[in-house]
Amino acid sequence: MQEKLQALADSLIAGRSLGAEGFGYLLENRTPQLAQALAKAAVAVRQKIYGRAVYVRGLIEISNICKNDCLYCGIRASNKNCQRYRLGPEEILACADEGYRLGFRTFVLQGGEDAYYTDELLAGLIGALKGKYPDCAVTLSLGERSYESYKALKGAGADRYLLRHETADKAHYESLHPPAMSFENRMRCLRELRGLGYQVGCGFMVGSPGQTAQTLAKDLQFIAEFKPDMCGIGPFVPHADTVFAKEPAGTVELTCFLLSVIRLLHPPVLLPATTALGTIHPEGREMGILSGANVVMPNLSPVSVREKYALYDNKICTGEESAQCKDCLSRRMRSIGYEIVTDRGDVKAGEAL
Ligand code: SAH
């Protein structure tokens with residue numbers, strides 16, 4: 001490996017962040033050998049903290065109704081071909097019941113920004129979930145809300161919040177979102193969620209239109225500084241009914257490379273091998289785990305709505321029952337020497353370092 005690349009890899013493996021220039025160089029000059037060396041180091045670091053455990057989070061896709069119009073997203077408000085649905089509290093509780101029976105101890109409620117889910121409704125739902133299953137963690141992934149709203153939901157018992165920052169470069173952010181959305185507001189939300197005591201997840205798509213080594217370097221710097229408890233990264237996958245229909249998808253290669261870098265940058269982070277990664281390659285999730293990821297998020301949504309929650313084309317696992325999804329992932333993880341664990345897997349990574 002050339003000298004400068006080797007020096008950067010050594011720094012990263014030794015636990016040092018690289019700075020924007022260093023990250024940019026690493027990304028632009030990466031080789032298969034470098035990727036292999038970083039994956040090996042990332043797996044060793046994860047092994048020390050987590051052993052061979054892979055954490056499971058049950059994903060409940062509560063609504064595909066969204067007021068936003070993110071250019072990349074299949075459920076964007078302007079997509080007239082999207083068949084809209086929303087789940088009521090009883091339906092969501094039924095998904096959680098099924099999940100609990102299957103051994104899930106974390107429920108992730110994810111959806112578009114749908115005004116139906118008022119603070120009052122969500123607080124009631126979270127209260128019901130925590131009342132019935134006090135041993136479970138409730139994670140929300142419902143987009144940008146006000147400080148008061150995040151506070152009320154935390155007060156109702158929510159434990160965690162996932163809100164991908166999408167990109168840490170303001171101009172790039174603006175090229176992916178309509179003028180009504182702002183980079184500053186996204187960042188405000190993340191800071192406030194942290195301040196309120198949530199375990200917080202950020203993240204971004206790999207290969208989103210307009211992404212460069214320089215914008216990715218900013219993402220990596222942001223992660224090094226923010227130290228999220230979780231970081232969701234998966235490939236961008238085009239959706240036929242969006243502006244980006246003809247754009248190429250992100251690659252397995254770059255996604256896995258970034259998973260290794262992020263593991264090394266912030267060792268305790270919870271890092272999912274995403275459904276999007278499983279969508280662009282049949283063994284994508286296994287490859288993600290072997291690059292340093294340690295979380296999988298099987299789908300607990302009712303089968304009747306899974307196809308409708310189409311953020312991108314060709315999403316996998318839309319026809320399977322929840323039990324099948326879980327069994328399939330257990331088998332996949334076992335096939336590469338890992339065991340899925342269903343405990344809450346609390347790690348306050350943001351505070352650990
Ligand atoms: N409305 C919530 C949940 C969004 S969906 C929010 O704003 O946080 C979860 C994530 O899916 C998004 O943050 C985005 O990064 C990802 N996503 C959306 N469209 C995608 C696409 N076409 N390809 C890959 N990932 C996509």
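As the structure lists them, so they are numbered: ligands from 1, and atoms in each ligand from 1. What's counted below: heavy atoms across the whole structure, side chains too, no hydrogens, waters or symmetry copies.
- Glu184 has a carboxylate O that lies under 4.0 Å from a charged side-chain N of Lys170, or vice versa, which qualifies the two as a salt bridge.
- Atom CZ of Arg160 is separated from atom OG of Ser141 by 13.0 Å, given to the nearest 0.5 angstrom.
- For the residue pair Thr279 and Asn314, no side-chain donor N or O sits within less than 3.5 Å of a side-chain acceptor on the partner.
- With Tyr198 as the aromatic partner, Lys154 meets the cation-pi criteria of under 6.0 angstrom to the ring centre and within 45 degrees of the ring axis.
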Criterion ring-ring contact (aromatic ring centres under 6.0 Å, His included) on His165 and Phe183, from CA distance to verdict: CA-CA 8 Å; His165 64 285; Phe183 177 67; 8.3 Å; no
Tabulation required: pairs of a nitrogen or oxygen in ligand 1 and a protein nitrogen or oxygen under 3.5 Å; columns are atom names and distance to 0.1 Å; otherwise 'none'.
unit_1: ligand 1; atom_1: 1 (N); unit_2: Gly111; atom_2: O; d: 3.0
unit_1: ligand 1; atom_1: 7 (O); unit_2: Arg186; atom_2: NH2; d: 3.3
unit_1: ligand 1; atom_1: 8 (O); unit_2: Arg186; atom_2: NH2; d: 3.4
unit_1: ligand 1; atom_1: 13 (O); unit_2: Glu166; atom_2: OE2; d: 2.6
unit_1: ligand 1; atom_1: 15 (O); unit_2: Arg164; atom_2: NH1; d: 3.0
unit_1: ligand 1; atom_1: 15 (O); unit_2: Glu166; atom_2: OE1; d: 2.8
unit_1: ligand 1; atom_1: 15 (O); unit_2: Glu166; atom_2: OE2; d: 3.4
unit_1: ligand 1; atom_1: 22 (N); unit_2: Tyr72; atom_2: O; d: 3.0
unit_1: ligand 1; atom_1: 22 (N); unit_2: Val237; atom_2: O; d: 2.7
unit_1: ligand 1; atom_1: 22 (N); unit_2: Leu311; atom_2: O; d: 3.3
unit_1: ligand 1; atom_1: 23 (N); unit_2: Val237; atom_2: N; d: 3.0
unit_1: ligand 1; atom_1: 23 (N); unit_2: Val237; atom_2: O; d: 3.3

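- In summary, the aromatic rings of Tyr150 and Tyr161 are positioned with their centroids under 6.0 Å apart.
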